[in-house]
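A quick note: this is a predicted structure, and the numbers were derived from the prediction, not measured. All chains are named by letter (A, B, ...) in the order of the sequence lines, taking the proteins before the strands, and each is independently numbered beginning at 1.
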There are 2 protein chains.
Amino acid sequence: MAEAVNIKRLAQELNISIATVSKALNDSYEISLKTKNRVWTLAKELNYTPNPAASNLRSNKTKTVAVVIPCVANNFFSLSIMGIEEIARQYGYHVLIYQTHENIEAEKAFTNSLLNGRVDGILTSVSSSEYNSEYYANLVKKIPLVFFDRVYENLDAVKVTTDDYDIAFQATEHLIESGCSKIAYLFGLENLPAGKARFAGYLDALKAHGIVAPEQLVVKYHDDEEFNLQQIKELLEAYKPDALFSSIEEFIIPAYCACKELGLQIPDDVKILSFSNLSTAKLLSPSLTTISQPAFEIGREAAKCLFKILNNKQLDDEQNIILKSVLTKRESTGC
Amino acid sequence: MAEAVNIKRLAQELNISIATVSKALNDSYEISLKTKNRVWTLAKELNYTPNPAASNLRSNKTKTVAVVIPCVANNFFSLSIMGIEEIARQYGYHVLIYQTHENIEAEKAFTNSLLNGRVDGILTSVSSSEYNSEYYANLVKKIPLVFFDRVYENLDAVKVTTDDYDIAFQATEHLIESGCSKIAYLFGLENLPAGKARFAGYLDALKAHGIVAPEQLVVKYHDDEEFNLQQIKELLEAYKPDALFSSIEEFIIPAYCACKELGLQIPDDVKILSFSNLSTAKLLSPSLTTISQPAFEIGREAAKCLFKILNNKQLDDEQNIILKSVLTKRESTGC
DNA sequence: CTGATACGCGAAAACGTTTACGTAATTAAA
DNA sequence: TTTAATTACGTAAACGTTTTCGCGTATCAG
């Protein structure tokens with residue numbers, strides 16, 4: 001399509017060898033400043049850019065990382081990608097995107113296909129459908145990998161997460177202090193550490209306040225909007241909880257709809273609180289009390305860690321980076 | 001890191017030449033079924049995957065496309081990416097992401113850096129900050145490129161857009177029929193065809209109903225949340241419009257906040273309607289009448305077009321694909 | 001003036017594929 | 001039986017880099 005300006009062309013026009021051109025372009029100490037300048041100016045003039053495939057093949061570096069996540073169209077993940085992309089730009093890396101749609105087979109297929117030198121490293125937030133740590137135990141030996149938010153524990157890999165347990169504890173206390181004693185839990189990510197930590201924080205906060213939590217007050221997430229809605233409606237009707245603690249954003253719409261359909265007033269009849277990165281939380285009717293994770297920063301941190309590893313920089317002691325979530329109290333919990 | 005299983009290794013173990021192995025892997029007619037099967041089974045056994053860099057270098061095909069967009073963390077674009085990624089998977093392509101942050105220099109830098117064979121094609125939704133069609137006129141000659149939503153016109157390239165003019169006209173009529181006569185316009189994307197078409201639809205609808213639109217009722221978007229909020233507040237106070245037609249999602253939060261701060265009731269004092277792909281539109285207070293673009297389908301269509309081009313399939317006649325947006329009437333316009 | 005020491009550069013191999021071309025063996029056509 | 005065509009495979013070049021190694025020249029100490 002174009003006129004193919006490569007290193008050979010530069011060498012010919014300057015009457016020097018391609019080795020010299022290559023070294024000059026890479027600012028090698030072997031080349032005199034005079035020659036470097038000749039090369040650089042001609043390269044700029046001809047709009048030369050190195051062929052990535054050739055470069056990758058020879059050097060075994062791709063300057064590319066892969067982001068493997070459940071879904072792009074999600075506030076949390078799109079913000080994470082934004083953070084990752086920003087850091088990648090700074091380091092001169094390219095970013096490949098793969099969506100697993102919570103399918104662990106797709107997850108394996110993608111990550112496996114990345115082991116042949118397509119990328120230098122992987123950033124991933126794993127599928128919630130299953131917890132298959134043997135697979136990842138092998139994977140982390142084969143390629144630099146950083147987990148964020150949805151992680152596998154006990155692996156020799158960097159993990160960037162949030163204070164799920166603490167913030168869930170704190171949020172539950174907020175509900176209790178708001179006068180709630182029958183707090184239902186909308187349970188997501190139950191196979192993953194994040195989901196378990198949130199649930200544990202909820203349970204422990206109840207226990208700390210002498211509240212027993214009947215199992216019937218827990219609704220588990222299914223990948224079926226209508227089903228979730230029905231479950232919540234049944235929960236509300238059968239057990240009349242005075243609060244809903246939603247551990248994932250996906251429960252917000254069904255929760256609000258369920259209340260509306262049953263004629264329950266938020267926050268008077270039932271208070272609602274949810275993990276969420278919705279920018280419109282404050283515009284909801286009523287405005288929603290949220291636990292928002294620093295999605296953008298998580299992406300940035302995870303990317304920074306990966307690039308440090310790829311550049312052989314020392315990772316400051318810790319393999320686990322834990323960022324703080326923010327509890328924003330709004331009308332849905334009576335604030 | 002691993003034990004490097006390549007074509008040479010396969011050839012050695014099977015006592016055949018690397019050419020035969022390569023052809024067998026690519027299912028060439030030159031190779032007998034018997035040999036192919038030997039190769040295939042060993043390849044699977046050793047978990048062989050071709051080295052992409054070597055393959056790209058030799059064949060000049062990368063099976064990779066780039067998506068260049070203003071920002072990932074946006075409902076419209078994240079849905080588009082989702083659609084693109086889905087189609088890319090079907091065709092066996094990889095997807096690179098680049099964010100321009102509405103910066104036309106970044107846009108040029110990215111697209112230029114993609115011309116050296118890093119990708120086979122580009123999908124882009126261009127920056128709103130400027131309209132620089134000379135640059136793109138050159139670019140489309142150098143690499144297969146498909147525009148979606150935010151396009152450059154009069155170029156020899158496929159464009160996937162929506163019926164911006166028609167739907168804006170229709171939405172404006174909806175406001176008029178709801179009793180509005182002083183409809184303010186919150187103007188976004190003013191440099192781009194989409195923004196112009198939306199504004200034209202609005203103006204023509206007013207004209208068709210004999211309404212003159214004073215210029216003071218138009219507020220232009222700036223990349224400054226606080227500034228937009230102030231502008232809208234001043235507009236509401238100074239000219240007391242009975243409706244706000246927002247041409248982009250970014251105006252929703254300031255519009256709602258402005259009304260709240262001024263004590264204006266939606267929809268009684270002022271009706272609001274906005275282009276938006278917010279999933280929570282129906283949960284806002286009050287629920288928001290929206291024009292939602294089929295973002296996911298736009299991504300899918302754009303990707304399909306690009307892959308058709310890359311596979312030398314005939315594009316069915318048309319270079320312009322226009323999808324329909326959906327006007328969903330809710331409480332914010334009195335429905 | 002001789003030997004060592006940088007310095008600046010070039011020759012050539014290598015990375016793992018794909019592919020044009022050649023060739024031997026087999027089959028079909030004459 | 002001879003010739004042409006087909007089948008199945010191998011040889012080797014090529015893609016555009018990076019990098020090892022070596023060589024000549026200039027510089028400098030002795």
Side-chain angles (χ1 to χ4, degrees), chain A residues 1-40 42-43 46-64 92 113-120, chain B residues 1-40 42-43 46-64 92 113-120:
Chain A
M1 218 132 175
E3 56 305 334
V5 35
N6 53 22
I7 232 175
K8 193 188 294 178
R9 166 94 179 276
L10 296 181
Q12 282 173 349
E13 301 220 2
L14 294 174
N15 261 322
I16 54 181
S17 77
I18 62 168
T20 304
V21 175
S22 175
K23 290 174 192 168
L25 289 171
N26 292 320
D27 205 10
S28 161
Y29 69 96
E30 293 183 51
I31 308 299
S32 70
L33 188 58
K34 190 178 154 195
T35 308
K36 282 180 185 174
N37 279 326
R38 290 181 64 211
V39 173
W40 290 339
L42 182 65
L46 298 184
N47 208 6
Y48 167 81
T49 51
N51 180 302
S55 182
N56 298 349
L57 178 59
R58 179 56 225 239
S59 66
N60 253 328
K61 311 233 168 260
T62 62
K63 282 268 179 186
T64 305
S113 79
L114 296 170
L115 296 177
N116 54 14
R118 184 174 294 277
V119 298
D120 296 343
Chain B
M1 222 134 172
E3 56 307 335
V5 36
N6 54 23
I7 232 175
K8 193 187 294 180
R9 165 93 179 276
L10 296 182
Q12 283 174 347
E13 302 221 0
L14 294 173
N15 261 322
I16 56 181
S17 76
I18 62 168
T20 305
V21 175
S22 175
K23 289 174 192 168
L25 289 170
N26 293 318
D27 204 9
S28 162
Y29 68 97
E30 293 183 53
I31 307 299
S32 71
L33 187 59
K34 190 179 153 197
T35 307
K36 282 180 187 173
N37 279 326
R38 292 181 63 212
V39 173
W40 290 338
L42 182 64
L46 297 184
N47 208 5
Y48 167 81
T49 50
N51 180 302
S55 181
N56 298 348
L57 177 59
R58 178 57 224 242
S59 67
N60 254 328
K61 311 231 169 264
T62 62
K63 282 272 180 180
T64 304
S113 79
L114 296 171
L115 296 177
N116 53 14
R118 185 174 292 278
V119 298
D120 296 342

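- Taking for each of Lys23(B) and Arg58(B) the nucleotide of DNA chain D with the nearest heavy atom, the 5'-most of the two is the partner of Lys23(B).
- Rounded to whole Å, atom P of dC15(C) lies 18 Å from atom CG of Asn51(A).
- Lys61(B) has its NZ atom 23 Å from the P atom of dG16(C), to the nearest Å.
- In this entry the distance linking CG of Asn56(B) with P of dC15(D) reads 16 Å, nearest Å.
- Among the heavy atoms of the strands lying under 4.0 Å from Ile16(A) are primed sugar atoms or P, OP1, OP2 only; no base atom is included.
- Remark on DNA chain D: of its neighbouring residues Leu57(B) and Glu30(A), the 5'-side contact belongs to Leu57(B), judged by nearest-heavy-atom nucleotide.
- Checked by atom type and distance alone, the side chain of Trp40(A) pairs as donor or acceptor with a backbone atom of Ala24(A) at under 3.5 Å.
- Distance NZ (Lys34(B)) to C1' (dA25(C)): 14 Å, rounded to an integer number of Å.
- Neither OP1 nor OP2 of dC9(C) sits under 4.0 Å from any side-chain N or O of Thr20(A).
- Applying the 4.0 Å criterion to OP1 and OP2 of dT17(D), one finds that Ser55(A) has every side-chain N and O outside that range.
- In this structure, CZ in Arg118(A) is found 9.0 Å from OG1 in Thr49(B), a value given to the nearest 0.5 Å.
- Rounded to whole Å, the distance from CG on Asn116(A) to P on dC15(C) is 17 Å.
- Inspection of the Asn56(B) and Thr62(B) side chains reveals no N or O donor paired with an N or O acceptor under 3.5 Å.
- Within 4.0 Å (heavy atoms only), Ser32(A) reaches sugar-phosphate atoms of the nucleic acid but no base atom.
- Lys61(A) and Asp120(A) are not joined by a salt bridge, as no carboxylate oxygen comes within less than 4.0 angstrom of a charged side-chain nitrogen.
- Closest to the side chain of Ala19(B), out of dA12(D), dG10(C), dC9(C), is dA12(D).
- Residue Ser22(B) has its side chain nearest to dT19(C) when only dT18(D), dT19(C), dG10(C) are considered.
- The distance from atom CZ of Arg38(A) to atom C1' of dC9(C) is 12 Å, rounded to the nearest whole Å.
- A close approach under 4.0 Å does not occur between any side-chain nitrogen or oxygen of Tyr48(A) and OP1 or OP2 of dG16(D).
- In this structure, the CD1 atom of Ile18(B) is 14 Å from the P atom of dA14(C), given to the nearest Å.
- Residues Ile7(A) and Tyr48(A) have side chains in contact (heavy-atom distance under 4.5 Å, counting atoms from C-beta outward).
- Going from atom CG of Asn26(A) over to atom P of dG16(D) covers 17 Å, rounded to whole Å.
- For Asn6(A), the side-chain atoms get nearest to dG16(D) when compared with the rest of dG16(D), dA11(C), dT19(D).
- Among dC9(C), dG10(D), dT17(D), the nucleotide with an atom closest to any side-chain atom of Thr35(A) is dC9(C).
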